[in-house]
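Structure record follows, encoded as structure tokens.
Keep in mind that this is a model prediction, so the values were computed, not measured.
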Amino acid sequence: MLEKRYEPKDIEKKWYDFWIEKNYFRAEAKSDKPSYCIVIPPPNVTGSLHIGHALDVTLQDIMIRWKRMSGFNTLWLPGTDHAGIATQNVVEKDLQKQGTDRHKLGREKFIEKVWEWKKLYGGTIINQLKSMGSSCDWSRERFTLDEGLSRAVREVFVRLYEEGLIYRGEYLINWCPRCHTALADLEVEHEDKQGKLYYIKYNFTDGGGFITVATTRPETYLGDTAVAVNPEDERYSHLIGKKVRLPVINRDVPVIADDFVDSAFGTGAVKVTPAHDPNDFEIGKRHCLPFINILTGDGRMSEAAGPYKGQDRFECRKNVLKDLEDTGHIEKVADHAMSIGHCYRCKTIVEPYLSKQWFVKIKPLAEEAIRVVKEGQVKVIPSGWENSYFDWMENIKDWCISRQIWWGHRIPVWYCEACSEIIVARETPAKCKCGSKELVQDNDVLDTWFSSALWPFSTLGWPDDTDELKTFYPTSVLITGFDILFFWVARMVMMGQKFMNREPFRHVYIHALIRDAEGQKMSKSKGNVVDPLKMTEKYGTDAFRFTLAAYAAQGRDIKFSEQRVEGYRHFLNKIWNVARFISMNVKEDTEIITMEEIRRGSSRTPPTLADRWILSRLSSVISEVNTALNEYRFNDAAGALYQFIWHELCDWYVEMIKPELYGENAGAKNIAVSTLVHVFEESLALLHPVMPFITEEIWQQLPCGKGAESLCIRKYPAAADGLTDRDAEEKMNTVMDAVIGIRNIRGELNLSPSLELQALIKVSDHSEGILKENISYIEKLARTKDVKIGRELHHPKNSASTVKPDMEIFVPLEGLFDIDAEIIRLTKETAKVEEDIQFVQKKLSNENFISKAPPQVVEENKAKYEEYLAKKQSIRNNIDKLDQWRKADE
RNA sequence: AGGCGCGUAGCUCAGUGGGAGAGCGCUUCCUUGACACGGAAGAGGUCAGGGGUUCGAUACCCCUCGCGCCUACCA
């Protein structure tokens, strides 16, 4: 016997351990079954579960469990990402606390330290994934720095290099002075800010006045090597070729002409700092200007900054401004809206910085990645994201992949000290071809995203030709948030195409971002994060998972509200209690009749209307859920299950069969119990991918033959033709109309639910048989007795009435009858039906409607019109009766 | 600067070319043998505003307003 309330705590661990022990999550490398595979977006190895992960893994687990139950050889491949910069930062902070730093430790010791850290905290997020119920194949867990994956990284690097798709060069890149590394363009977050535009006067060397330039970063004037104007700008054309002297540092630079300059902006004259601005870099190249690097890697002023050497870049800005002001070189300062780039890992303002870096020549890769999406080999869901994808891909720029940190895949390039040969190799070379053994490996490591770009095939064993690759590549779907569409998804498509000649996944399902209840992005600094572990602690994992699924409508961000979890927690309790109800009514010796037998009607007692109805409803929810999951409409799947189980199964069906369950007719009872058990078991199976724990717990206790040892390997209910019973559904609608009509009278006239009412139902030819056959439901569900059904019934004195299609209901109330209240009620009804009539009448009197609308629609409206008129007339008659009685009483 | 999305009941959100839906909240009644984390009945919306297409628009098109996001080298 189940406890009175569902208590998730003990149950969850018990079943998770059971599933693991039974190896249910283990995929077959070779199998006759069709394959289904998802690779997890690997979370940062030292991270901890946040609500975004929770959503991500819930949706993946739903798909995986659904497919596993549906007979697929299912692989959910888990793992973690070494997260170069992020992890290195975490460990560096820890070192700082201990009063040391990585440079004191040295490279090797530092990396050892990080591995230790990984050992210590790497399990945290994995355990949290498990606590969410994730049915990953843990025997295939991978880490981006694993030996196998590292081999894949080297292989890819070398092959791209050999094809000329990787090159090294000195370019302006984004530099984070705090992380002390280059960043890819993507890794810079732009933030709009109200800044200043400083107008600086540069004097001509020949003493002939000055030219004014405008800049947002005045300190960069220290690196100026020209002033540029537009060649078409008549204001300045006579000045081209002259020289100006930079104030304070007194360096002379030329005035040049370049098309890039927008005459309308600022003064139309631009200071050119080729080593510190992307546009100036281009101008510098075009005009062979000197590149003066005025910064050091930690964001201080370099030797080249002369008197400002050693100053922090922002301190220097202040000092430069002061000096320019003091020497009369500031013409004016204006407000200026601008956007400033920040490091996506530490939020420090990044600098365009000139340095030698490795790049991937990306256009050829991007072309393929565009093609496979355009041609539909990769389907993006919701498809709206394709636009962003194409837009980004079409305007893509070379990818800076070298990072000046230590934690990561070291670039497989060696430089010979003797002959300066560059060796790019899969295996660490012993010596140079010149014979020298003085080889020094490149100091840099690769962008973390370089290795994650290979994830869908490196995890399956590439570059070896494994069974796993044959079985599971391309993977079935990638499920992730839009925030890493470019970082990760796009790059996986490029690499997958390049090295596997196939797309890495057939579908990409992009889900929303979770925000707080006010719609703000969750962040630790704002203090508005919802801790998923607290949710599961408080409400249970299943309730939380169900909530996430119910929230996961396509195309909109999720404003997360804890109240909603609480609501679904109630749903769990509802399920729990109907399970208790079933267990109370099914004894060990209860004979459960198979559904086939019930459907065929070959058992001793035929199924009742209620049985037929709930089976029909079940078949329709089965197809709804399967269809919804097939289209990644998780919210629809959750909603359909909620509606069916709570309102149809519990509110109607269970109540309808109580007379049979408590009655003496063993045959009737058997049919009812059997149907109930069957429908409920199917419901549990349908629910299992969303709420695995409670369904398994109940299912294991359910007293019936189940043909599997766990719900998670039981067959998933599949939609089948011919199981929808239209006749039963139509008849039940008529019965429900009668019940609802009587309940309505009871409710609106405030009659106690415990009061047994009498009812007379005046019927049409059509509904007479249906209601007569099913009178017991009406008595039970509307709490009535002595229900009379007939075509010639009359409105008894002191009775309330209501009009439904095909029937008119009278409820005699005698002493309880409040004639005024009833008149008010019916008058309101009349007003409503009056509106209805006008609405339809307006349509029908429109000639265009009659001639142009589809005939079927016209017919429908005509029928409605007749129905409303009849309804109005009936209500009218009933009111007249009331009036007569009142007059008679007076 | 370009692109995208959103604006529907008090709140959170579904949804559709033929009279507006759910959950929560709210009101009234009810401890009838699974469940008060429950049951029954109800109130509540010019579907942001304006124009257009259509017999018919909340839905399709255009504009405006408000909110959010992404991409971008305007000093």
- Task: Provide the distance between the two C1' atoms, one in B:C6 and one in B:G15, to the nearest whole Å.
- Result: 15 Å

- Return the set of residues passing side chain to side chain contact (heavy atoms under 4.5 Å, CB included) with A:Thr216 (not counting sequence neighbours), or none when no residue passes. A:Leu197, A:His336, A:Met338

- Reading 5' to 3' through nucleotides 69-75 of chain B, protein heavy-atom contacts under 4.0 Å coded B for base, S for sugar-phosphate only, - for none: SSS-BBB

- Item | Partners meeting ring-ring contact (aromatic ring centres under 6.0 Å, His included) with A:Trp699 (sequence neighbours left out) | none

- Query: In whole Å, what is the span from the CE atom of A:Met656 to the C1' atom of B:A34?
  - Reply: 16 Å

- Note on the structure: The ring-ring contact (aromatic ring centres under 6.0 Å, His included) partners of A:Phe486 (sequence neighbours excluded) come to A:Trp392

- Flag the pair A:Val350 / A:Tyr344 as yes when at least one side-chain heavy-atom distance between them is below 4.5 Å, and no otherwise. no

- A:Tyr868, nearest nucleotide to its side chain (from B:G19, B:A40, B:A34): B:G19

Tabulate protein N/O versus nucleotide N/O from nucleotides 57-62 of chain B, keeping only pairs under 3.5 Å, one per line.
none

- Is a donor-acceptor pair below 3.5 Å formed from side chain A:Tyr551 to base B:G23, judging by atom type as modelled? no

- Measure from CZ on A:Phe560 to P on B:C13 and round the result to the nearest Å. 12 Å

- Query: Of the candidate nucleotides B:G19, B:A14, B:C37, which contains the atom at the shortest distance from the side chain of A:Arg569?
  - Reply: B:C37

- Test for a donor-acceptor pair under 3.5 Å between the base of B:G38 and the side chain of A:Asn573, counting only N and O atoms. no

- Note on the structure: Quick note, A:Pro854 side chain, CB onward, closest among B:G38, B:C55, B:C24 is B:C55

- Which listed nucleotide (B:G19, B:C30, B:A14) is nearest to the side chain of A:Pro753? B:C30

- Note on the structure: Those residues at least two apart in sequence (or on a different chain) that pass side chain to side chain contact (heavy atoms under 4.5 Å, CB included) with A:Asn573 are A:Arg5, A:Tyr6, A:Arg569, A:Asn577

- Query: Do the side chain of A:Arg564 and the main chain of A:Tyr551 share a donor and acceptor less than 3.5 angstrom apart?
  - Reply: no

- N or O in side chain of A:Lys574 less than 4.0 angstrom from B:G39 OP1/OP2: yes

- Item | Consecutive Watson-Crick or G-U pairs in runs of at least 3, all under 3.5 Å, in which RNA chain B is involved | B:1-7 with B:65-71, B:10-13 with B:21-24, B:26-30 with B:38-42, B:48-52 with B:60-64

- Task: Would you indicate which nucleotide in B:G18, B:G19, B:G38 comes nearest to any side-chain atom of A:Phe839?
- Result: B:G19

- Task: Among the candidates B:G23, B:C13, B:A41, find the nucleotide nearest to the side-chain atoms of A:Lys559.
- Result: B:C13

- Task: Quote, to the nearest angstrom, the P distance that separates B:G56 from B:U71.
- Result: 44 Å

- Query: C1' atom, B:A59 versus B:A20: distance in rounded Å?
  - Reply: 12 Å

- Message: Can you pull out every salt bridge (Lys or Arg N to Asp or Glu O under 4.0 Å) where at least one residue sits in residues 642-659 of chain A? Sequence neighbours excluded, please.
- Response: A:Arg617-A:Glu648, A:Glu655-A:Lys658

- Message: Nearest heavy atom decides the nucleotide; on that basis, is A:Lys843 or A:Gly384 closer to the 5' end of RNA chain B?
- Response: A:Gly384

- Rounded distance in Å - CZ (A:Arg633) to P (B:G15): 9 Å

- Name all residues meeting the side chain to side chain contact (heavy atoms under 4.5 Å, CB included) criterion together with A:Glu859; count only those two or more places apart in sequence or in a different chain, and write none if there are none. A:Lys862

- What about A:Glu655, does its side chain sit under 3.5 Å from the base of B:A34 through a donor-acceptor pair? yes

- Item | Partners meeting side chain to side chain contact (heavy atoms under 4.5 Å, CB included) with A:Asp192 (sequence neighbours left out) | A:Ser339

- salt bridge (Lys or Arg N to Asp or Glu O under 4.0 Å) partners of A:Glu232, counting only residues at least two apart: none

- Atom CD of A:Gln563: over 12 foreign heavy atoms under 6.0 Å: no

- To the side chain of A:Tyr662, which of B:G42, B:C13, B:A34 is closest? B:A34

- Message: Does the Lys NZ or Arg CZ of A:Lys332 fall within the cation-pi geometry relative to A:Tyr199 - under 6.0 Å from the ring centre and within 45° of the axis?
- Response: yes

- Item | Qualifying side chain to side chain donor-acceptor pair (under 3.5 Å) pairs with a residue from residues 838-852 of chain A, counting only residues at least two apart or across chains | A:Gln841-A:Tyr865

- Query: Of all the nucleotides listed (B:A14, B:G38, B:A40), which has the minimum atom distance to the side chain of A:Asp651?
  - Reply: B:A40

- Query: In whole angstroms, how far is the P atom of B:A34 from the NZ atom of A:Lys658?
  - Reply: 5 Å

